[in-house]
Amino acid sequence: MLIGIPPILGPELLATLRAMGHGDEIALVDGNYPALEHARRLIRADGLPLIPILDAILQVMPVDDFVPHALFRATVKGNPDLLDPVHEEMSEVCARRAPGFSLLPLVGDAFYSRVKNAHTIVATSEPRLYGNIIVRKGVIYPSKETDK
């Protein structure tokens with residue numbers, strides 16, 4: 001256990017988040033997603049739902065503010081206007097932990113290809129369909145004290 005680090009973030013996931021660089025993306029996927037087939041690097045989060053992991057990651061990892069969009073979600077049956085409850089929960093977590101960033105829906109192949117190119121896939125046991133999100137890592141700006 002560590003002070004200030006959400007306990008749901010295990011050693012492998014913490015090491016991965018730390019190793020990722022600016023612009024790298026991490027995909028959190030539901031239990032139905034073909035994670036092993038699509039992953040360059042795979043972290044298993046068996047038994048854990050997606051939302052608490054997303055919340056924990058956004059507590060320790062900055063979101064990329066160098067690009068117009070840094071948060072992406074899957075769509076329901078290819079319709080970017082449909083929101084399932086899991087998407088509403090994702091939006092709430094993102095609004096709380098990464099204010100000012102919108103959650104962009106990506107349809108079908110656009111989402112899958114982005115996941116396949118992600119630095120890492122975290123395979124959760126999220127039971128809800130379309131419970132998939134990608135987060136692009138940003139930078140931590142130097143403080144004025146260390147900027148000297």
What I'd like to find out is whether the side chain of [X] reaches to under 4.5 Å of the side chain of [Y], using heavy atoms alone.
X	Y	answer
N132	V86	no
P7	L2	no
I57	L13	yes
L83	V76	no
R136	L71	no
H119	T16	yes

Same apolar cluster (I L V M F W Y, side chains within < 4.5 Å links), [X]/[Y]:
X	Y	answer
M90	L28	yes
V115	L36	yes
I5	L17	yes
L104	M61	no
Y112	V107	no

Output field: ring centroids Y33/Y130 closer than 6.0 Å: no
Under 6.0 Å between ring centres, would you say that holds for F101 and H69?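 No, the ring centres sit 6.0 Å or more apart.
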Just do the side chain to side chain contact (heavy atoms under 4.5 Å, CB included) check on L42 and T120 with the steps written out, would you? CA-CA 6 Å; L42 179 64; T120 300; over 6 Å; no
For L58, the option from L54, D55, V60 that meets side chain to side chain contact (heavy atoms under 4.5 Å, CB included):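 One option only clears the test, and that one is L54.
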Quick one: does [X]'s side chain have a donor or acceptor within less than 3.5 Å of a partner on [Y]'s backbone?
X	Y	answer
K137	D64	no
D84	H87	no
D24	G21	yes
R44	V122	no

Should E25 and R114 count as an ion pair when the cut-off is N to O under 4.0 Å? yes
Evaluate whether atom CG of D109 has more than 12 neighbouring non-hydrogen atoms of other residues, nucleotides or ligands under 6.0 angstrom away.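 Counting neighbours around CG of D109, 12 or fewer heavy atoms of other residues, nucleotides or ligands fall under 6.0 Å, so no.
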Under 3.5 Å, is there a donor on one side chain and an acceptor on the other for D65 and Y141? yes
I'd like to know whether V135 forms a side chain to side chain contact (heavy atoms under 4.5 Å, CB included) with F72, so could you lay out the CA-CA distance, the side-chain angles of the two residues, the decisive distance to 0.1 Å, and finally the verdict. CA-CA 7 Å; V135 180; F72 309 92; over 6 Å; no
Would you sort out whether H38 and I121 count as a side chain to side chain contact (heavy atoms under 4.5 Å, CB included), showing the intermediate values? CA-CA 8 Å; H38 288 185; I121 295 177; 3.9 Å; yes
[X] to [Y] - nearest heavy-atom pair and separation:
X	Y	result
P49	T124	C-CB, 4.3 Å
E89	I51	OE1-CG1, 3.4 Å
L50	G131	CD1-O, 3.0 Å
L106	T75	O-CG2, 3.3 Å
I134	A27	CG1-CB, 4.0 Å
G47	S125	N-OG, 2.7 Å

Using the six-membered ring of F111, assess whether NZ or CZ of R73 lies under 6.0 Å from its centre and within 45 degrees of the ring axis.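 The answer is no; the distance or angle limit is not met.
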